[in-house]
Amino acid sequence: MKYSEKWRQAYDNRNREALSKLLDINCHFIKHSTGEKVTKEQILDMWTTKDRVVIRSQRVVYESDEILLQHWFMDWPNGTKDAVLTVMLLKNGKATKMELASTPLPQ
């Protein structure tokens, strides 16, 4: 099974253990809006909370053993909507780093 499929299944089921196994211990991303470094545990909290972001559409643009590039349409708990380009750097079947670039969508 491809990484993207494992990730989506674990995300859809809010399976923290399965998601954790897909992230390297040092996996992180930087919030472009604030420069804040988001750690693996914070990522897992965001992905498994009750009031998490809803991914309305997930399209894999490119996937290999080293990189996953996806395009998402996301609905945030505060009511805003974004188009998001997501890049996950992969090593040994785990994400080591994530980059997200989002564009706000009209309400």
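Residue numbers count from 1 along this sequence. None of these values were measured; they are calculated from a predicted model.
Screening residues 86-107 for side-chain hydrogen bond (donor to acceptor under 3.5 Å, both in side chains), with sequence neighbours left out, gives H32-E99. Residue pairs meeting the side-chain hydrogen bond (donor to acceptor under 3.5 Å, both in side chains) criterion with at least one member in residues 6-15, sequence neighbours excluded, are R8-D12, R8-Q58.
Partners of D45 under the salt bridge (Lys or Arg N to Asp or Glu O under 4.0 Å) rule, at least two apart in sequence or in another chain, are R16. Residues forming a salt bridge (Lys or Arg N to Asp or Glu O under 4.0 Å) with K2 (at least two apart in sequence, or on another chain): none. Annotation: side-chain contact (heavy atoms from CB on, under 4.5 Å) contacts of S57 (sequence neighbours excluded): F73. Qualifying side-chain hydrogen bond (donor to acceptor under 3.5 Å, both in side chains) partners for D65, counting only residues two or more places apart in sequence or in other chains: none. Annotation: salt bridge (Lys or Arg N to Asp or Glu O under 4.0 Å) contacts of R59 (sequence neighbours excluded): none. Taking the salt bridge (Lys or Arg N to Asp or Glu O under 4.0 Å) definition, one finds that E66 meets it with nothing, sequence neighbours left out. Every residue was checked against the side-chain hydrogen bond (donor to acceptor under 3.5 Å, both in side chains) condition with T49, not counting sequence neighbours, and none meets it. Under the side-chain hydrogen bond (donor to acceptor under 3.5 Å, both in side chains) criterion, E5 pairs with no residue, sequence neighbours left out.
R52 contributes no side-chain N or O that, together with a main-chain N or O of M46, makes up a donor-acceptor pair within less than 3.5 Å.
Separating the CE atom in M74 from the CD1 atom in I55 is a distance of 5.0 Å, to the nearest 0.5 Å. The distance from atom CG of L23 to atom NE2 of H28, rounded to the nearest 0.5 Å, is 12.0 Å. Here the CZ atom belonging to R56 is positioned 10.0 Å from the CG atom belonging to D82, to the nearest 0.5 angstrom. Atom CD1 of I25 is separated from atom NZ of K40 by 5.0 Å, given to the nearest 0.5 angstrom.
The hydrophobic side chain of I30 is isolated, with no ILVMFWY side chain under 4.5 Å apart from it. Clustering of Ile, Leu, Val, Met, Phe, Trp and Tyr by side-chain heavy atoms under 4.5 Å joins V61 with Y62, I67, L69, L85, V87, L89.
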- side chain to side chain contact (heavy atoms under 4.5 Å, CB included) between F29 and T39, worked out: CA-CA 7 Å; F29 74 84; T39 66; over 6 Å; no

- Verdict with reasoning, E17 to S20, per side-chain hydrogen bond (donor to acceptor under 3.5 Å, both in side chains): CA-CA 5 Å; E17 182 179 342; S20 182; over 6 Å; no

- Worked verdict on L68 versus E63 for side chain to side chain contact (heavy atoms under 4.5 Å, CB included): CA-CA 4 Å; L68 172 60; E63 182 170 6; 3.8 Å; yes

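Residues V60 and M88 fall within the same hydrophobic cluster, defined by Ile, Leu, Val, Met, Phe, Trp and Tyr side chains chained together at heavy-atom separations under 4.5 Å. Hydrophobic cluster membership differs between W76 and L105, with clusters built from Ile, Leu, Val, Met, Phe, Trp and Tyr side chains linked at under 4.5 angstrom. By the criterion of side-chain heavy atoms lying less than 4.5 angstrom apart, applied directly or through intervening Ile, Leu, Val, Met, Phe, Trp or Tyr residues, V54 is not grouped with L44; the two fall into different hydrophobic clusters.
Between A18 and A10, the shortest heavy-atom contact is CB-CB, 3.7 Å.
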